[in-house]
2 protein chains.
Amino acid sequence: MGRWEPNARGRLAEAALALYAEQGFERTTVIEIAEAAGLTERTFFRHFTDKREVLFYGTETAMDMLTRAIAEAPASASPMDAVGAALESFGAFFQEDPERVRRRDAVVSSSTELRERELVKLDALTSAMVGALRERGTPAPTAGLAAEAGIAAFKVAYAHWIAAEPDTTDSAAERKLPGLVRTALTDMQKLLADRAAG
Amino acid sequence: MGRWEPNARGRLAEAALALYAEQGFERTTVIEIAEAAGLTERTFFRHFTDKREVLFYGTETAMDMLTRAIAEAPASASPMDAVGAALESFGAFFQEDPERVRRRDAVVSSSTELRERELVKLDALTSAMVGALRERGTPAPTAGLAAEAGIAAFKVAYAHWIAAEPDTTDSAAERKLPGLVRTALTDMQKLLADRAAG
DNA sequence: ACGGTGATGACAGTTCCTGACATCACGGAG
DNA sequence: CTCCGTGATGTCAGGAACTGTCATCACCGT
């Protein structure tokens, strides 16, 4: 594998995912990853700031997706409508390649450090949504609450989705991520309504 | 400062907080912390698994507090009632020493790595609350939603509280953390109710 | 053919963190 | 009072994650 093979970043990401899955995150060394991709350790760190970051490649894309979805929501949509729509389309995007998502999730779930990083990414998505909401005139406190509530519901929906689907071709609505996001939001609303006043 | 001075752990935590605040997290070395506490680097790592963990000392106590509050909630309380009560008392605990909380928050906020760790701790608190809810018979999906929604509201309330209070003796209800938690929860409910059906 | 540009390699160095073993203070058994 | 076990600490060696610096290489336009 020569020095100037194309798509170095992609090769590194692939090699890392494979090695993490195979022998675990902690027992995989950056040198191993780099050599598996035909590169050197130093080059790995030119493409990824971190040993973990290599698994969180598309986060910027995800942020764009969410902010755009919120910006493009009709002016009549409430903040929670906009957030809900954005997260549903986000869920739909996940479903496009469930196999890859599963593979990646298995690796991330197996390591505390990786779950740590995933939470930061979710927090970044929250901030991005807050920004997009403020852009369309939502006041700051409302934007914060809407974004946090939305991400919270998404977490639950995603956990359900991952835990359920084995790899069957079953396409019941309950197994589709956008639908799970929607029901999580309504269930959350019901739970919050179910409180003793004052 | 001799080898057998008491409370090594506390001294390390104090020294770390002071140094992080003074010169930043990344530019502080573990050796510096250890020497400031009259100990060695190796001993630091016997007391804390991490350079970051030293700032998240009381997390187990916090988990106990939350799980106990949920367990002790009256049987008639809804899941969201129990979570809300637990988080309000949690907020009250924070308020006991606002100065220290502020100091610590300034340090944590200044470093990505530390915010990362804080998010993990919040996630651990979420899991603890889920466990406590399940203990009292709440079904798993409901428990997950209630805990996530509660933590989401708490995050927003906490951010408000930190951003507002300068150090004034002002004790308006809006500046008290338990009250902010409560209003965050009701505001979140309103936002979620404000959605197009579907 | 030639020089500029960007990606990569090579290497040294710092810091985080761990394992293994020695050492010290204390508290109880005799 | 002495001796010895126990737990906390010190010392040392070392792996692995990252960073800075400079040389080297492939490509691209002139």
Side-chain angles (χ1 to χ4, degrees), chain A residues 1-57 107-108 110-118 120-121, chain B residues 1-57 107-108 110-118 120-121:
Chain A
M1 213 172 290
R3 191 179 185 179
W4 258 255
E5 297 285 329
N7 195 22
R9 187 172 305 224
R11 270 153 49 213
L12 287 166
E14 280 303 325
L17 178 57
L19 286 169
Y20 292 168
E22 191 180 319
Q23 52 187 348
F25 172 76
E26 315 208 345
R27 276 174 309 190
T28 299
T29 193
V30 174
I31 297 186
E32 287 179 286
I33 300 170
E35 286 178 350
L39 296 165
T40 60
E41 185 191 24
R42 191 65 184 87
T43 298
F44 176 95
F45 286 111
R46 286 202 182 91
H47 286 284
F48 303 99
T49 62
D50 237 41
K51 189 186 170 190
R52 308 176 212 171
E53 196 67 16
V54 66
L55 283 185
F56 300 87
Y57 197 175
V107 172
V108 172
S110 72
S111 153
T112 305
E113 294 187 54
L114 290 173
R115 296 201 312 103
E116 205 168 359
R117 179 58 52 87
E118 181 144 88
V120 172
K121 296 304 183 182
Chain B
M1 210 172 289
R3 192 179 184 178
W4 258 255
E5 297 286 328
N7 193 23
R9 188 172 305 225
R11 270 154 50 213
L12 286 167
E14 279 302 325
L17 178 57
L19 285 169
Y20 291 168
E22 192 180 319
Q23 51 187 359
F25 173 75
E26 315 207 345
R27 277 174 308 190
T28 300
T29 194
V30 175
I31 297 187
E32 286 180 285
I33 300 170
E35 286 179 350
L39 297 166
T40 60
E41 186 191 23
R42 191 65 184 88
T43 299
F44 176 94
F45 286 111
R46 286 202 182 92
H47 286 283
F48 303 99
T49 62
D50 235 47
K51 189 186 170 191
R52 308 175 212 172
E53 196 67 16
V54 66
L55 283 185
F56 300 87
Y57 198 174
V107 172
V108 172
S110 71
S111 154
T112 304
E113 294 186 55
L114 290 173
R115 295 203 310 105
E116 206 168 0
R117 180 57 53 86
E118 181 144 87
V120 172
K121 296 304 184 183

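So that the names make sense, note that chain A is the first sequence line, chain B the second, and so on, each numbered from 1.
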Exercise for review: Enter the distance from R9(B):CZ to F44(B):CZ here, rounded to the nearest 0.5 Å.
Suggested key: 10.5 Å
Check your understanding: Are any side-chain N or O atoms of K51(A) and backbone N or O atoms of T28(A), one a donor and one an acceptor, separated by less than 3.5 Å?
Key -> yes
Report, one pair per line, the protein and nucleotides 13-16 of chain D atoms (nitrogen or oxygen only) whose separation is under 3.5 Å.
none

Check your understanding: In chain order, what residues pass the ring-ring contact (aromatic ring centres under 6.0 Å, His included) check against F25(A), with sequence neighbours excluded?
Key -> Y20(A)
Review point. Within the pair H47(B) and dA8(D), is there a side-chain N or O less than 4.0 Å away from OP1 or OP2?
Key: no
**Study point:** E116(A) to V120(B) - nearest heavy-atom pair and separation
**Key:** CG-CG2, 3.0 Å
Revision key, fill the gap. Walking DNA chain C from its 5' end, the first of T43(A) and F25(B) to be reached, judged by nearest nucleotide, is T43(A)
Practice item. Determine, step by step, whether E41(A) and E35(A) satisfy the side-chain contact (heavy atoms from CB on, under 4.5 Å) criterion, reporting the C-alpha distance in whole Å, the side-chain angles of both residues, the deciding distance to 0.1 Å, and the verdict. Key: CA-CA 8 Å; E41(A) 185 191 24; E35(A) 286 178 350; over 6 Å; no
**Study point:** Straight-line distance of Y57(B) OH to L17(B) CG, nearest 0.5 Å
**Key:** 13.5 Å
Check your understanding: How close or far is atom P of dA10(C) from atom CD1 of I31(A), stated in whole angstroms?
Key -> 12 Å
Study note, to complete from the structure: Among dT9(D), dT19(D), dC16(C), the one nearest any side-chain atom of L39(B) is dT9(D)
**Study point:** Whole-Å gap separating C1' (dA7(C)) and CG (N7(A))
**Key:** 14 Å
Review point. Tell me, which of residues 16-23 of chain B have any heavy atom that sits under 4.0 Å from an atom in DNA chain C?
Key: none
**Study point:** Atom-pair distance (CZ on F45(A); C1' on dT15(C)), nearest Å
**Key:** 13 Å
**Study point:** Residues E53(B) and K121(B) bridged, charged N to O under 4.0 Å
**Key:** yes
Check your understanding: Rounded to whole angstroms, how far apart are CZ on F44(B) and C1' on dG10(D)?
Key -> 17 Å
Exercise for review: Rounded to the nearest angstrom, tell me the gap between atom CD in E35(A) and atom C1' in dA10(C).
Suggested key: 14 Å
Point to revise | Short side-chain N/O contact to dG9(C) OP1/OP2 from T40(A), under 4.0 Å | key: yes
Exercise for review: Could you tell me whether the side chain of R46(B) has a donor or acceptor atom within less than 3.5 Å of a complementary atom in the base of dG7(D)?
Suggested key: no
Exercise for review: Round to the nearest Å and state the distance from R11(B) atom CZ to dA8(D) atom P.
Suggested key: 14 Å
Practice item. May I ask you to test the R117(B)-D50(B) pair for a side-chain heavy-atom distance under 4.5 Å? Key: yes
Review point. Looking at CG of L19(A) and OG1 of T29(A), how far apart are the two atoms once the value is rounded to the nearest 0.5 Å?
Key: 10.0 Å
Revision key, fill the gap. When rounded to whole Å, the CZ to P distance for the pair F48(A) and dA17(D) reads 15 Å
Check your understanding: Please give, in whole Å, the distance from dA8(D) C1' to L12(B) CG?
Key -> 13 Å
